[in-house]
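Only one structure is covered here, and it is reproduced in the block below.
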Amino acid sequence: MKRTSLVIVGLLCAAAFIWGPVAQGRAGADATVSSQPTKLGVLWTSGDRDVALKMVFMYTLYAKQQGWWDEIQLIVWGPSSKLLTEDAELQQEVGKMQEAGVEVVACKACADSYGISDQLEALGIEVKYVGVQLTEMLKGDWVMTTF
């Protein structure tokens, strides 16, 4: 009897886990997300092109277009800044994000170390020291993700 009860409880938990989001309209790519005011900081550090196209840019742009976040800021930091200046397709994708309303900033210390600050600014990216800003975001009401 104990085994049967555990199986039933397990099935009920699984059904609640699967059915709950569906019943609340959160299943699928176009589902609405909580309406709470939110801010997302995306810290992009990877010098990997696939990470940029298949994760960072895809989610950031779509999240802004779908209104999942009230405010989104993409912070270009480290190797990602160098990659961005070398790849025209990535530059176009960043332009799409900017047009959609994503704020894009780059770390000045990183950009200066690569000698690319002027190139990033030519892309319409604000190049500034971001250490203090990042710390405030982490301590504040921003949700942060890092790639």
Side-chain angles (χ1 to χ4, degrees), residues 6 9-147:
L6 288 175
V9 169
L11 290 172
L12 290 173
C13 288
F17 179 79
I18 293 167
W19 183 250
V22 172
Q24 295 173 3
R26 289 193 299 243
D30 294 324
T32 58
V33 180
S34 171
S35 63
Q36 295 177 356
T38 56
K39 299 177 190 178
L40 175 66
V42 179
L43 182 60
W44 175 35
T45 64
S46 173
D48 185 311
R49 185 176 194 278
D50 284 340
V51 169
L53 288 173
K54 306 294 186 209
M55 295 179 69
V56 181
F57 293 2
M58 184 184 299
Y59 178 76
T60 303
L61 179 60
Y62 199 70
K64 185 61 178 177
Q65 291 173 335
Q66 295 300 310
W68 295 342
W69 302 92
D70 294 332
E71 190 175 337
I72 300 178
Q73 184 176 90
L74 174 66
I75 303 171
V76 184
W77 193 311
S80 62
S81 60
K82 186 172 186 302
L83 175 65
L84 182 58
T85 61
E86 299 169 344
D87 191 309
E89 183 180 6
L90 296 182
Q91 293 168 12
Q92 289 175 342
E93 294 300 314
V94 166
K96 289 179 188 176
M97 284 188 269
Q98 290 169 315
E99 288 173 13
V102 173
E103 181 184 0
V104 182
V105 300
C107 172
K108 181 164 177 49
C110 299
D112 285 350
S113 74
Y114 289 116
I116 58 173
S117 292
D118 292 341
Q119 291 172 276
L120 291 169
E121 288 174 344
L123 297 172
I125 297 171
E126 182 180 3
V127 179
K128 63 182 185 177
Y129 295 106
V130 294
V132 171
Q133 176 188 343
L134 176 61
T135 302
E136 290 173 354
M137 292 169 80
L138 291 168
K139 289 182 173 184
D141 59 349
W142 287 76
V143 173
M144 298 296 298
T145 187
T146 304
F147 295 96

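- Note: Tyr62 and Trp68 have perpendicular aromatic rings, judged against thresholds of 30 and 60 degrees for the angle between ring planes.
- When all heavy atoms are compared, the tightest approach of Cys110 to Gly78 is SG-N, 3.4 Å.
- When all heavy atoms are compared, the tightest approach of Val105 to Glu103 is CG1-OE2, 3.9 Å.
- For the atom pair Lys64 NZ and Leu40 CG, the distance stands at 10.0 Å (nearest 0.5 Å).
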Exercise for review: Report the C-alpha separation of Val42 and Val56 in whole Å, then their side-chain angles, then the decisive distance to 0.1 Å, and conclude whether the side-chain contact (heavy atoms from CB on, under 4.5 Å) test is met.
Suggested key: CA-CA 8 Å; Val42 179; Val56 181; 4.0 Å; yes

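- In this structure, Lys54 places its NZ atom where only 12 or fewer heavy-atom neighbours from other residues, nucleotides or ligands lie under 6.0 Å away.
- Side-chain contact between Leu84 and Ile125: present, with at least one pair of heavy atoms (C-beta onward) separated by less than 4.5 Å.
- Here Trp44 contributes atom CH2 and Leu83 contributes atom CG; the two are 5.0 Å apart, rounded to the nearest 0.5 Å.
- Among all heavy-atom pairs drawn from Ala106 and Val130, the shortest one is O-CG1, 4.2 Å.
- Of all the heavy atoms in Gly131 and Trp77, the pair that sits closest is CA-CH2, 4.4 Å.
- A distance of 8.5 Å separates CD of Glu86 from CD of Gln119, quoted to the nearest 0.5 Å.
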Exercise for review: Walk me through it: do Val94 and Leu123 pass the test side-chain contact (heavy atoms from CB on, under 4.5 Å)?
Suggested key: CA-CA 9 Å; Val94 166; Leu123 297 172; over 6 Å; no

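- Salt bridge status for Lys108 with Asp112: present, with a side-chain N to carboxylate O gap under 4.0 Å.
- With sequence neighbours excluded, no residue forms a side chain to side chain donor-acceptor pair (under 3.5 Å) with Glu126.
- Minimum interatomic distance between Trp69 and Ala63 (heavy atoms only, all atoms of both residues): CD1-CB, 3.7 Å.
- Remark: Thr85 OG1 to Gln91 CD distance equals 7.0 Å, nearest 0.5 Å.
- Interatomic distance, CZ of Phe57 versus CZ of Arg49, reported as 9.5 Å (0.5 Å rounding).
- Considering all non-hydrogen atoms of both residues, Tyr114 and Ser81 come closest at CD1-OG, 3.7 Å.
- Under the 4.5 Å side-chain criterion, counting only non-hydrogen atoms from C-beta, Ile72 is not in contact with Met97.
- At a threshold of 4.5 Å between non-hydrogen side-chain atoms, the residues Trp142 and Glu136 do not count as touching.
- Atom OG1 of Thr60 and atom CG of Leu74 lie 5.5 Å apart (nearest 0.5 Å).
- Applying the side-chain contact (heavy atoms from CB on, under 4.5 Å) criterion to Lys96, with sequence neighbours excluded, gives Leu61, Glu93.
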Check your understanding: Can Met137 and Ile75 be said to form a side-chain contact (heavy atoms from CB on, under 4.5 Å), step by step?
Key -> CA-CA 11 Å; Met137 292 169 80; Ile75 303 171; 4.0 Å; yes

